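Hydrogens, waters and symmetry mates play no part in the numbers below; they use all other heavy atoms, side chains included. Just so we're clear, the structure is a prediction, and the values are computed from it rather than from any experiment. Here is how names work: the chains are called A, B, and so on, in the same order as the sequence lines, proteins then strands, and each is numbered from 1.
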2 protein chains.
Amino acid sequence: MATGRTHRPATRSRGIPEATVARLPLYLRALTALSERSVPTVSSEELAAAAGVNSAKLRKDFSYLGSYGTRGVGYDVEYLVYQISRELGLTQDWPVVIVGIGNLGAALANYGGFASRGFRVAALIDADPSMAGKPVAGIPVQHSDELETIVRENGVHIGVIATPAGAAQEVCDRLVAAGVTSILNFAPTVLSVPDGVDVRKVDLSIELQILAFHEQRKAGEEAAARTAAGVPAPAATDATTAADGAKRTSATDQGPDGDVPAVMPA
Amino acid sequence: MATGRTHRPATRSRGIPEATVARLPLYLRALTALSERSVPTVSSEELAAAAGVNSAKLRKDFSYLGSYGTRGVGYDVEYLVYQISRELGLTQDWPVVIVGIGNLGAALANYGGFASRGFRVAALIDADPSMAGKPVAGIPVQHSDELETIVRENGVHIGVIATPAGAAQEVCDRLVAAGVTSILNFAPTVLSVPDGVDVRKVDLSIELQILAFHEQRKAGEEAAARTAAGVPAPAATDATTAADGAKRTSATDQGPDGDVPAVMPA
DNA sequence: GGTTGTGAAACCTTTCACAGCG
DNA sequence: CGCTGTGAAAGGTTTCACAACC
């Protein structure tokens, strides 16, 4: 594993596990909802249910941030919102550029969740000259020629790539050269980036394929469960998958778990 | 852990770890590209580079599927494509419905990656009556009233939710009631589903927040590294900072790592 | 009473390193 | 020789369960 840094020699204090970091936004969302309903405090149990994780995990996660709760009472909603926001770096606002304004790019530009958190869409960029000037989500699209200028002048550190696969690497290179150090990639490609640049990848078809795997397994199980010595069907795996809680109909662990996109210090 | 079913006589073999399952689509994509270039065989090293993981991991992953390689040579591309496709359940085709045809829904409908794998968009559904009949990606949008009928008549097991947050739970309930057992959720909500239904969640703003966390940390490190006794900045982490990795510009481990969306047995 | 915070155990994932085979 | 396949070690994550505290 060539990976340059990543390792970080044990980073004492403030050594928040990746798995925990990935869940903080989930807690933040749940807390924000509570805050809007003016709920003053929550127990780990309640908050965990709202965020779709279990309470032991949530308490452990919070323990990495510090001791922000009160025994016998719970957590102060407002205070926690602030602490988590600060930890995630959302108390400042991050200018973001979106490159590739097709349907997906437009969807991203219109997505309210950005502005509500510490993100601001600084510019929309597309290679198609006929798009230039056209407003999307109230922001005029700019031509790729401007990419470097835009990134530099706005001090953009985070870029979103929503171009076709073929254009992604070049866009990535230009973003990085202009100063971007974090990239959210929606194109179905593995991006090469220099050391020190983080890439996260979101891939629709990969998510579906993972679902298909489990779906197939369900079908196999059904068949196998009733057929004892049945067909040479795709061998019903262990189980792991589904089934876990009682017959409850509440979400129990929807959040992060263990896969797909991830930060990679390049 | 109230383990509902799970029992199953321990069905040995075929116990593929979740982390591995999440990477199979990555390998498949890389292999498909090689296949298109008519490359007959690959070594674990080459394939790993193309998929953005390291070779030891890749070999371990493949070892769960069986021994499909040849020592001293590598893996047969076509054969591996087939084996992985089969393992993921992509040799059959999965009808999928997309609910909520806004920008995101349209982007999904237009996304080529679906059809190319074993997925077929069986229907597009939206609650807005004025959308009804309008073709998106060549498929006419149908009104939500038809949801149950569409799901049943097409034998749909996988549903994609791209509605606003407020509508997601209701849509989810209806999909599940009609027979859907796997859901890909793009709405920023935690969905409640009965036991046995898998949910995967893709959340744009969460991905950005995770990037922001690392971005912030980078800034903190820089400041701290040069300031020894500097400002009371957000507590600078350790700081492996400066030069340490090679100057390589290749991606090393972009793929899955350990967070975000995941299957959740409900 | 109730609920947090946390060591310790259990579990899962990645990485190492090399035996085994073509 | 080269490369796979895999035990074993290392590291990370989740869960347990209970002491500490309000």
Side-chain angles (χ1 to χ4, degrees), chain A residues 1-3 6-11 15-24 27 41-49 51-76 79-80 83 238-241 244-245 252-253 255-260 262-264, chain B residues 1-3 6 15-24 27 41-49 51-76 79-80 83 252-253 255-260 262-265:
Chain A
M1 34 113 85
T3 315
T6 305
H7 293 301
R8 196 144 346 216
T11 312
I16 305 178
E18 264 304 306
T20 295
V21 172
R23 278 187 296 265
L24 292 181
Y27 302 144
T41 59
V42 250
S43 66
S44 61
E45 199 71 55
E46 294 164 335
L47 183 53
V53 303
N54 82 27
S55 63
K57 187 148 50 178
L58 177 144
R59 287 200 303 278
K60 192 37 118 214
D61 284 342
F62 286 178
S63 80
Y64 292 117
L65 308 185
S67 287
Y68 296 149
T70 308
R71 294 172 200 234
V73 179
Y75 300 91
D76 181 278
Y79 187 56
L80 247 195
Q83 290 299 347
D238 190 64
T240 321
T241 321
D244 188 73
T252 302
D253 219 328
D257 199 74
D259 35 355
V260 178
V263 174
M264 43 135 330
Chain B
M1 36 188 64
T3 318
T6 308
I16 305 177
E18 264 304 306
T20 295
V21 172
R23 278 186 298 265
L24 292 181
Y27 302 144
T41 58
V42 251
S43 67
S44 61
E45 201 70 57
E46 294 165 334
L47 184 53
V53 304
N54 81 28
S55 64
K57 188 150 44 179
L58 178 144
R59 287 201 302 279
K60 202 20 142 225
D61 283 343
F62 285 179
S63 79
Y64 293 117
L65 308 184
S67 287
Y68 297 147
T70 307
R71 293 170 201 239
V73 179
Y75 300 91
D76 181 277
Y79 187 56
L80 247 195
Q83 290 299 346
T252 302
D253 218 329
D257 199 75
D259 34 356
V260 178
V263 175
M264 44 134 330

If I take atom OH in residue A:Tyr64 and atom P in nucleotide D:dG12, what distance separates them, rounded to the nearest angstrom?
11 Å
Closest nucleotide among C:dT6, D:dG5, D:dC21 to the B:Ser67 side chain
D:dG5
Establish, yes or no, whether a centroid distance under 6.0 Å links the rings of B:Tyr68 and B:Phe62.
no
What is the nucleic acid contact for B:Tyr75, judged by heavy atoms within less than 4.0 Å: base, sugar-phosphate only, or nothing?
sugar-phosphate
How long is the line joining CD of A:Glu18 and P of C:dT13, in whole Å?
16 Å
For the pair made of CG in B:Leu58 and P in C:dC16, what is the distance, rounded to whole Å?
15 Å
Give the nucleotide from the list D:dC22, D:dT6, D:dT14 with an atom nearest to the side chain of B:Lys60.
D:dT6
Return the nearest nucleotide to the side chain of B:Ser63; candidates are D:dA20, D:dT13, D:dG5.
D:dG5
Counting side-chain heavy atoms from CB outward, which of C:dG5, D:dC22, C:dT15 is closest to A:Thr70?
D:dC22
Rounded distance in Å - CZ (A:Phe62) to C1' (D:dT14)
16 Å
For a quick check, tell me whether the side chain of A:Arg71 and the base of C:dT4 share a donor-acceptor pair closer than 3.5 Å.
yes
Here's a test of your reading of the structure: between A:Val73 and B:Asp61, which maps to the more 5' nucleotide of DNA chain D?
B:Asp61
Let me know, please, whether A:Arg59 or A:Gly72 comes out on the 5' side of the other along DNA chain D by nearest nucleotide.
A:Arg59
Nearest-angstrom distance from the residue atom CG of A:Leu47 to P of C:dT4:
10 Å
Check the distance between C:dC21's P and B:Tyr68's OH and give it to me in whole angstrom.
19 Å
Taking only the side-chain nitrogens and oxygens of A:Arg23, find out if one of them lies under 4.0 Å from OP1 or OP2 of D:dT14.
yes
Looking at C:dT14, I'd like to know if its phosphate oxygens (OP1 or OP2) sit under 4.0 Å from a side-chain N or O belonging to B:Asn54.
no
For a 4.5 angstrom cut-off between non-hydrogen side-chain atoms, does A:Thr70 reach A:Thr41?
no
Please determine if a side-chain N or O atom of A:Ser44 lies less than 4.0 Å away from the OP1 or OP2 oxygen of C:dT4.
yes
Rounded to whole angstrom units, what separation is found between the CG atom of B:Leu65 and the P atom of D:dT6?
11 Å
Can you check whether B:Tyr75 reaches B:Glu46 side chain to side chain, under 4.5 Å on heavy atoms?
no
Heavy-atom side-chain contact between B:Leu80 and B:Val42 under 4.5 Å
no
Rounded to the Å, how far apart are A:Lys57 NZ and D:dT13 P?
11 Å
Of the non-hydrogen atoms in A:Asp61 and A:Arg23, which two are nearest, and what is the gap between them?
OD2-NE, 2.6 Å
